[in-house]
Each structure stands twice: as C-alpha cells, then as structure tokens.
Amino acid sequence: DLLNFARTSPMMKEPSSINDLLEESLKLSGYLMGKHNIRIIRRFRQDLPQVNVDPSKICQVFLNIIINAAQAMGKSGVLTLTSGITKNICWVKVSDTGPGIDPRVKAKIFDTFFTTKGKNSGTGLGLAVSRIFVNQHGGTIEVVSKKRDGATFIINLPMTGSK
C-alpha cells in the first residue's frame, strides 16, 4: 500500500532550496546523529538556484539516505553532504565513512522489501520509495561504494522548469 501511495501521490512541486531541504533532513535525524556520534560536514554550494520539487518527497529521500548512513556507520563516523550544479542538473552527494556496500548487496538496495537489517529493524522500503520519488522528479539516484570504503549516494535532479 505504501509503495502504491508513493507511486500515485500527487506531486506538489514548488521552488525550493535543496540546501534547506538537506538541513531539514539533518534536523529530523538529529537524535540519531547524536546517538551514533556522527560528525557532519556540509559542503553546500551557496549560490545554488532553487529547484522545482515536491519538498516533502525530496526531504524524505534525503532523510532515508541519512538514516541508512548513520545506521551503517554504527557508533561513530563522518557524514558529508555536498550540493552542486552541473549544466541543468542539481546534484546532491551523501557520503558516509561506514563499511561500504558489498557488490552483491549493492545490486539489490533499491529493490522493494530488500534489507540487510534484522527482522525488527527495517522494512526494505526506504530506498525503494526514494527511487520512486526521485524518478517522479525526472531525476536519478545511484550509489558508489567499495567494501570497507564507505558509500556515496548521488541524487541528480533536473533544473528544467525550476525558478
């Protein structure tokens, strides 16, 4: 039902600051960041134009990735958030210093109900829904990772139609 809702819920796009949405996501995950002793590095492009997005959906994407990163890093680590623009694409990179993602797992992380967490810890919907939301915006989401070398999620959102 949640996946059907994610696919069919109406888009409420409005000009939004991607940096502000990243900050909002960090605020919402603040308790978890403190609990896991995560140091946060912000590398935001300050002159980033607003992007026409559904703020709640994009904030949810960022939050899902941030939470997964904190859980992957365990008791400590560094989370680096970077924003920028290349041609007509606004991009965000969320990098962690966790153990990285095994290539066999990496191939499945956006699959519905796939989780590496225990029975009582995850539903396997966070990244699947995130991909749906990014795709609804005409964007892409990918992950770059090597085992024992952290992970970087890259979200690309088109600037077309943005003000």
Side-chain angles (χ1 to χ4, degrees), residues 1-29 32-33 40-72 79-96 98 100-117 122-146 150-163:
D1 287 345
L2 178 61
L3 282 175
N4 285 332
F5 173 76
R7 286 187 185 100
T8 60
S9 62
M11 296 284 281
M12 305 296 283
K13 287 185 176 183
E14 59 187 65
S16 303
S17 165
I18 292 297
N19 294 340
D20 288 350
L21 296 178
L22 285 165
E23 287 291 354
E24 180 67 20
S25 300
L26 285 171
K27 213 181 299 181
L28 292 169
S29 63
L32 186 63
M33 295 293 119
I40 299 166
I41 297 173
R42 294 166 178 86
R43 294 187 176 142
F44 298 161
R45 180 170 170 167
Q46 295 306 310
D47 64 343
L48 194 64
Q50 290 193 329
V51 182
N52 200 28
V53 297
D54 184 320
S56 64
K57 288 185 177 189
I58 296 303
C59 194
Q60 185 65 53
V61 170
F62 297 155
L63 186 60
N64 289 342
I65 294 168
I66 289 168
I67 289 170
N68 284 352
Q71 291 171 340
L79 181 72
T80 304
L81 304 172
T82 310
S83 65
I85 187 169
T86 304
K87 296 185 182 177
N88 288 330
I89 301 294
C90 174
W91 52 264
V92 170
K93 294 180 182 178
V94 180
S95 301
D96 67 56
I101 303 170
D102 183 284
R104 292 170 294 188
V105 170
K106 184 178 160 190
K108 300 176 186 176
I109 62 171
F110 294 106
D111 292 352
T112 307
F113 302 118
F114 178 79
T115 183
T116 58
K117 300 170 187 165
T123 62
L125 291 175
L127 291 176
V129 168
S130 293
R131 178 194 271 174
I132 290 168
F133 287 167
V134 170
N135 288 345
Q136 286 175 338
H137 285 82
T140 61
I141 182 171
E142 62 182 293
V143 63
V144 177
S145 178
K146 293 181 182 170
T152 299
F153 281 81
I154 304 163
I155 300 101
N156 294 300
L157 298 167
M159 297 293 298
T160 308
S162 300
K163 303 228 184 251

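Between the CG atom in Leu21 and the CZ atom in Phe62 there is a gap of 6.0 Å [rounded to 0.5 Å]. To the nearest 0.5 angstrom, Ile65 atom CD1 is 3.5 Å from Ile155 atom CD1. Separation of atoms CG (Leu81) and CZ (Arg43) is listed at 10.5 Å; rounding is to 0.5 Å. Here the straight-line distance linking atom CG of Asn156 with atom NZ of Lys93 works out to 9.0 Å at 0.5 Å rounding. Atom CG of residue Leu28 and atom SG of residue Cys59 lie 5.5 Å apart, to the nearest 0.5 angstrom. If you take CD1 on Ile89 and CD1 on Ile154, they are separated by 12.5 Å, rounding to the nearest 0.5 Å.
Put simply, the side chain of Ile41 does not reach to within 4.5 Å of the side chain of Leu79, judged on heavy atoms. Met159 is listed as a side-chain neighbour of Pro49, based on a closest heavy-atom distance under 4.5 Å.
When all heavy atoms are compared, the tightest approach of Pro55 to Ser16 is CG-OG, 3.5 Å. Taking every heavy atom of both residues into account, Leu48 and Cys90 meet most closely at CD2-SG, 3.9 Å. Nearest approach of Glu23 to Phe44, heavy atoms of both residues: OE2-CE1, 3.4 Å. When all heavy atoms of Ile66 and Ser29 are compared, the pair lying nearest together is CG2-OG, 3.4 Å. Counting all heavy atoms, side chain and backbone alike, Ser25 lies closest to Leu63 at O-CD1, 3.5 Å.
For Arg45, the CZ atom sits in a packed shell: over 12 heavy atoms of surrounding residues, nucleotides or ligands are nearer than 6.0 Å.
The closest donor-acceptor contact from the side chain of Glu142 to the backbone of Thr140 lies at 3.5 Å or more, if one exists at all. When atom types are taken as modelled, the side chain of Thr152 and the backbone of Val94 share no donor-acceptor pair closer than 3.5 angstrom. Judged purely by atom type and a 3.5 angstrom limit, His137 uses its side chain to pair as donor or acceptor with the backbone of Asp54.
Between the side chains of Thr80 and Ser95, not a single donor N or O lies within less than 3.5 Å of an accepting N or O. In summary, the side chains of Asn19 and Ser17 do not present any donor paired with an acceptor at a separation below 3.5 Å, with no hydrogens or angles considered. Judged purely by distance below 3.5 Å, without hydrogens or angles, the side chains of Trp91 and Thr86 pair a donor atom with an acceptor atom.
The residue from Gln136, Met12, Lys13 that alone fulfils the side chain to side chain contact (heavy atoms under 4.5 Å, CB included) condition with Lys57 is Gln136.
Partners of Glu14 under the salt bridge (charged side-chain N to carboxylate O under 4.0 Å, His left out) rule, at least two apart in sequence or in another chain, do not exist in this structure. Legend: residues meeting side chain to side chain contact (heavy atoms under 4.5 Å, CB included) with Leu32, ordered by chain and number and at least two apart, are His36, Ile67, Ala70. Annotation: side-chain hydrogen bond (donor to acceptor under 3.5 Å, both in side chains) contacts of Glu24 (sequence neighbours excluded): none.
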| query | Between Ile18 and Val92, does a side-chain contact (heavy atoms from CB on, under 4.5 Å) hold up when you go through it step by step? | reply | CA-CA 8 Å; Ile18 292 297; Val92 170; 3.4 Å; yes
